[in-house]
Amino acid sequence: MLMELHSTLNSILETDGDVVVAPCFEREGGEQPALARAVDDVTSGWLTELYGSGEFSGKPNEMALLYRPGIRARRLAVLGAGKEPKFTPQEMRRLAGVAIRDLRGRKLRKIALALDEKFATPAYAQAAVEGALIGDYEPDQLKTDPKKGECRIESFTLIAPRDLGPAVARARVIGESQNFARDLVNLPANRLTPSALADAARAMAGETGLACEVLDRDRLRQLGMGALLGVAQGSDEPPVVIVLRYTPESETAGDHLGLIGKAVTFDTGGVSIKPAEGMEKMKYDMAGGGAVLGAMRAIAKLKPPLRISAVVPSVENMLSGRAQRPGDIVTSLNGKTVEVLNTDAEGRLILIDAITYALRLGCTHLVDAATLTGAIVVALGHVHIGAFTNDEDLLSKVMRASISAGERMWHMPLDEEYKDYLKSAFADLPNIGGRWGGAITAAKFLEEFTEGKPWVHLDIAGTAWMDDPKPFIAKGPTGVAMRTFVSLATEWAG
Ligand code: BES
Ligand code: MN
Ligand code: ZN
């Protein structure tokens, strides 16, 4: 069942539901925000007493519930919002997630969130609704437990002194598209094969009006995507390249954005096999492709004035009597030969053929997302996406988009010297560098195929999957990079 989303001009007194949530900041003296005063007004000073007793200080994630608060809703909750000057839309997104996850655990299903006058803006409203949708998601689509979904939120209402309807509508598209991506990422490899991913993309394109083309193995052979086909040959599952095209009704610039997403539905490593421990997680090696498909779903509904194409190469990296071997030399779509020194460095092999294909479609700017390296997890942990580029202008656009989307990235280097780490005695390039700087040499390898076009590479290996739940989000697939793609597309011209 879909969550109902509303915004209302009613006050906290008049709004119906199981609970009205009022975010409250840490007190630093001075005048209290209007919302805190309103809470005190309707409760004859409950909030001030709470602060005074030390039971509630306004720190993030703290909550206190009042029953029969004398408002129309059955309960009133105050939720810590941290320090007011630090309260960005990203904080609002998290706060809404915390509210949803805490309150649904108490079986409350109709939740209203009050926005302080100062934060009743489209950016905060959008963040709040996105946070609610993201927070309500559980990676349980394959559980048969009849209780599944029972505690999910029925309705989420923003209480604000101004009409925030358009922001709520935008947030619904983005939050639901992010959860669409998360469902794909969460599906295990026996259920989400490359063909199944293509079916999902086709169905989504049909619903949203995107043009969709799926290149099958014969077509990939005809084209000459030797690098991708080499990875795919060890699997009984045939590879695909999914191509989605969004054409705006009117264009503001002649730019053509290409979004590329790595979609390895399972990465065993191939003959250079991975250790058994933790290998089950390699179902999320298609998270870049999932983020791109989620973004295209949102883009099709939000209709920005920019031409956008998506290219999602999808394979299963397996071992078998047909699998590619270390030392094999493949010829990529753009003609360069690559010596496959490690079959586990497969993401870059499928991405280079996708990059060349996107350039042939006429893309003027490229952004890819890929769970590309363990090395980026070593470098940045599970906090920041690693961002690499050959074009500072495009990177600043992507960085700005990531800030408004509330996704964190860190600019990683890509200096010429790193090119020296990629030397093959027998082919134009090897598919791995040496021991050091693994995330950078992977990016450097991709750069060799960008033909000098502006390109940004996002390594999401550390951020696409969370091993532990957080108060605002479930464990598992995050759908990361999807919101940055959407912001990039919608903010491109402005
Ligand atoms: N899919 C992995 C990268 C990865 C690692 C994603 C951990 C998520 C979590 C990628 O295909 C891979 O295996 N990369 C190798 C490259 C190495 C062989 C040069 C790696 O990072 O170990
Ligand atoms: Mn691999
Ligand atoms: Zn991989």
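Just so you know, these numbers use all the heavy atoms, side chains as well, and skip hydrogens, waters and symmetry mates. Every number for a ligand or one of its atoms is a count from 1 in the order of the listing.
Salt bridge annotation for E138-R101: present, with a cationic side-chain nitrogen under 4.0 angstrom from a carboxylate oxygen. Residues D285 and K262 are paired through a salt bridge, judged by an N-O separation under 4.0 Å between the basic side chain and the carboxylate. Under a 4.0 Å N-O distance rule, the pair K444/E417 does not qualify as a salt bridge. Salt-bridge formation is detected for the pair R245/E213: a Lys NZ or Arg NE/NH1/NH2 atom is positioned less than 4.0 Å from an Asp or Glu carboxylate oxygen. No salt bridge links R219 with D216; every basic N to acidic carboxylate O contact stays at or beyond 4.0 Å. With respect to the salt-bridge test (charged N to carboxylate O, under 4.0 angstrom), the residues D255 and K397 do not qualify. Taking the charged nitrogens against the carboxylate oxygens, E316 and K283 have no contact shorter than 4.0 Å, which rules out a salt bridge. Residues E447 and K419 are not paired through a salt bridge, judged by the lack of any N-O separation under 4.0 Å between the basic side chain and the carboxylate.
At a 3.5 angstrom cut-off on N or O pairs, D267 counts as close to ligand 1. Annotation: E346 places an N or O atom under 3.5 Å from an N or O atom of ligand 1; distance criterion only. On a distance-only criterion, D344 and ligand 1 share at least one N/O pair closer than 3.5 Å.
For ligand 1, the atoms sitting less than 4.0 Å from at least one non-hydrogen atom of R348 are 16 (C), 19 (C), numbered in the order shown with element in parentheses. Atom numbering of ligand 1 starts at 1 in the shown order; those under 4.0 Å from a heavy atom of M282 are 1 (N), 6 (C), 7 (C), 8 (C), 9 (C). When each atom of ligand 1 is checked for a heavy atom of K262 under 4.0 Å away, the hits are 1 (N), 10 (C), 11 (O). Numbered from 1 in the order shown, with element, the atoms of ligand 1 that lie under 4.0 Å from a heavy atom of I432 read 19 (C). Less than 4.0 angstrom separates some heavy atom of T371 from each of these atoms of ligand 1: 1 (N), 2 (C), 3 (C), 6 (C). Under a 4.0 Å criterion applied to the non-hydrogen atoms of Y284, ligand 1 contributes the atoms 8 (C), 9 (C). Taking every non-hydrogen atom of N342 and a distance limit under 4.0 Å, the qualifying atoms of ligand 1 come out as 18 (C).
With a cut-off of 2.8 Å, the Zn ion (ligand 3) has no N, O or S atom of D344 in range. Among the atoms of K262, an N, O or S atom falls under 2.8 Å of the Zn ion (ligand 3). At a cut-off of 2.8 Å, D267 coordinates the Mn ion (ligand 2) through an N, O or S atom.
When the shell of 6.0 Å around CZ of R106 is examined, it contains more than 12 heavy atoms from other residues, nucleotides or ligands.
Between the side chain of R182 and the main chain of G479, no donor-acceptor pair closer than 3.5 Å is present.
Taking 4.0 Å as the cut-off, W465 does not count as a neighbour of ligand 1 on heavy-atom distance. For V377, the heavy-atom gap to ligand 1 stays at 4.0 angstrom or more.
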Between E91 and K86, is a salt bridge (Lys or Arg N to Asp or Glu O under 4.0 Å) present by the stated rule, with each step listed? CA-CA 8 Å; E91 260 52 62; K86 287 196 180 159; over 6 Å; no

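Ranked by closest heavy atom to atom 5 (C) of ligand 1, the top entry among G278, G438, G374, A345 is G374.
For the side chain to side chain contact (heavy atoms under 4.5 Å, CB included) test with T389, the passing option among H457, M412, M399, H411 is H411; the others fail. Checking R170, R94, R483, R172 one by one against E130, the salt bridge (Lys or Arg N to Asp or Glu O under 4.0 Å) holds for a single residue, R483.
The Zn ion (ligand 3) lies closest to atom OE2 when only the N/O/S atoms of E346 are considered. E346 contributes OE1 as its N, O or S atom closest to the Mn ion (ligand 2).
Only the backbone of L372 comes within contact range of ligand 1, with a heavy atom under 4.0 Å; no side-chain atom does. Using a 4.0 Å cut-off between heavy atoms, K281 makes no contact with ligand 1 at all.
With the Zn ion (ligand 3) at the apex, D285 OD2 and D267 OD2 define an angle of roughly 90° (rounded to 10 degrees).
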